[in-house]
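Structure record follows, encoded as structure tokens.
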Amino acid sequence: MSALSDVKIFGQRDTVVEGWYWAFKSRDLKKGETRPLNFLGKELAVYRGQDSKVYAVDAYCPHMGAHLAEGKVEGKGLRCFFHHWKFDESGELVDIPCRKTPGISVSIKHYAVEEKYQTIWIYTGDTPRYGVHSIEELDGIELDSSFGNQFVKECHPNIMMINAIDAHHFASVHDLPVDVKFETRKISEHTIQFNNITKIPVEKWYLRFIGRFYANALTYSMSYTAGSTGSVTVGPDFLHCHIIFALRPTGEGRAEGLTILVTKKRKGLKGLLLNPIILFATKCVGNYFAKGDTEVFKSIRFNFSNPIKEDEAVIKFIQHLEKQNCVEWGFGKVRVNH
Ligand code: FES
Ligand SMILES: [Fe+2]
């Protein structure tokens, strides 16, 4: 592939790929609570109804523009703080207290919401065409999860994401003694996977020892959904660690990230004792990955003008992302000027 500097989606701050993006940790939104959220540059009000479900709506009240996160949860709906207009769970205006019936037809826009990995996810399109990112190995299994870091980085999520498949820098930055090579698997229109195919070398005694725990290639698998949420699977054959890096663009080109550590649920005492240890070990692995690249993400001006063969995985990621659907998002247009 020639120069990759004329991309339409990858790393573009004014483009929003249709998909699920993390919003809050589930525990940070209790039943009956509302919270404001700047979500990919758009202001939202997110609330948990009395039915325990989470709802996400455009922030500003269509009456006079009050922020609906100032409002009050009533049943599955939300009542604006200012003149007490009430919107039901589908966003319809159902009550104006000073009138017997509303008499006007007004609604607020709702966004699809899902909770997975103890995290609230919001969809940027109208009707979800697929689910929140899933880890292939754990599909259909009951899961346990915990959180790593929550962070903001000075570059677009897509640029951070390719770091995990930028095999070229594993040796130069992270001193990885293994030569990583990827094969690519398209899981769906929205998800692409990169699997390492090389075995651990046998030249050094400690590598020979580690190599005993891998029947085949060194397990290092990275899956990406819609270019902003990715998960890595690493570890010996008897214990795989799964780390999700959930990122969302801020609208100004930054990445807001949340690291989620996932393992299968283990029953009884075994689960009680083992799972926290596994999740803690997974967190350490995640921190190891994040270490070393901090400075480059502060100053990088991404311009991939001279790709080489060794950058193949990164090129495939970009090509996959360029086929994603983008949504009309209207950055900042819903802001109210005071
Ligand atoms: S601004 Fe919301 S009811 Fe008036
Ligand atoms: Fe890195």
Side-chain angles (χ1 to χ4, degrees), residues 11 34 36 43-45 47 55 57-74 77-88 91-110 148-149 151 153-182 194 196 218 220-222 224 230-234 241 243-245 247 255 257 259 284-300 302 304 310-311 313-314 317 334-338:
T34 59
E43 300 294 336
L44 302 184
Y47 67 95
Y55 299 89
V57 299
D58 270 340
Y60 297 109
C61 179
H63 175 220
M64 219 184 260
H67 199 302
L68 288 167
E70 303 286 329
K72 199 165 153 252
V73 174
E74 275 187 24
L78 190 58
R79 195 178 284 281
C80 179
F81 165 82
F82 213 0
H83 311 93
H84 292 188
W85 288 20
K86 185 186 171 182
F87 303 90
D88 70 7
E92 288 306 313
L93 172 66
V94 287
D95 185 34
I96 298 179
C98 64
R99 290 178 166 191
K100 276 205 175 77
T101 57
I104 54 166
S105 170
V106 177
S107 64
I108 49 174
K109 183 170 169 54
H110 268 258
N149 298 336
F151 55 86
K153 296 271 184 202
E154 294 298 315
C155 73
H156 192 281
N158 296 156
I159 292 160
M160 274 195 76
M161 276 295 166
I162 54 169
N163 198 249
I165 48 164
D166 180 359
H168 205 159
H169 94 297
F170 288 165
S172 58
V173 175
H174 301 289
D175 289 327
L176 201 73
V178 183
D179 186 20
V180 172
K181 282 200 179 65
F182 291 110
F194 298 87
N196 174 52
L218 168 82
Y220 180 85
S221 171
M222 187 79 207
Y224 295 102
S231 62
V232 63
T233 297
V234 287
C241 297
I243 308 161
I244 297 175
F245 297 102
L247 304 180
T259 311
C284 297
V285 174
N287 288 346
Y288 171 78
F289 274 105
K291 215 172 64 189
D293 299 312
T294 313
E295 291 307 312
V296 77
F297 289 130
K298 283 186 193 154
S299 54
I300 191 167
F302 191 84
F304 200 8
E310 287 76 1
D311 298 319
V314 174
F317 173 96
V334 287
R335 277 175 203 278
V336 171
N337 297 316
H338 295 288

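Start at 1 and go down the list; that is how both ligands and their atoms are numbered.
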When rounded to the nearest 0.5 Å, the distance separating CG of Asp311 from CD1 of Ile162 is 8.5 Å
Margin query: If we ignore hydrogens and angles and just use 3.5 Å, is the side chain of Arg79 paired with the main-chain N or O of Trp85 as donor and acceptor?
Written below: no
- prompt: Is the ring centre of Tyr60 less than 6.0 Å from the ring centre of His67?
  reply: yes
Between Tyr220 and Phe170, is the gap from one ring center to the other below 6.0 Å? yes
Heavy-atom nearest pair, Asn163 first then His169, reads O-CE1, 3.0 Å
Closest to the Fe ion (ligand 2), among the N/O/S atoms of His169, is atom NE2
So the angle subtended at the Fe ion (ligand 2) by His174 atom NE2 and Asn163 atom OD1, rounded to 10 degrees, is 170°
Per-atom filter on ligand 1: closer than 4.0 angstrom to a heavy atom of Met64 are 1 (S)
So the atoms of ligand 1 within less than 4.0 Å of a heavy atom of Cys61 turn out to be 1 (S), 2 (Fe), 3 (S)
Check: Just wondering, is there an N, O or S atom on His63 that's nearer than 2.8 Å to atom 4 (Fe) of ligand 1?
Finding: yes
**Prompt:** Would you say Cys80 reaches atom 2 (Fe) of ligand 1 with an N/O/S atom under 2.8 Å?
**Reply:** yes
Is it true that some N/O/S atom of His83, main chain or side chain, lies under 2.8 Å from atom 2 (Fe) of ligand 1? no
*So, Asp179 and Lys181, do they make that salt bridge, N to O below 4.0 Å?*
yes
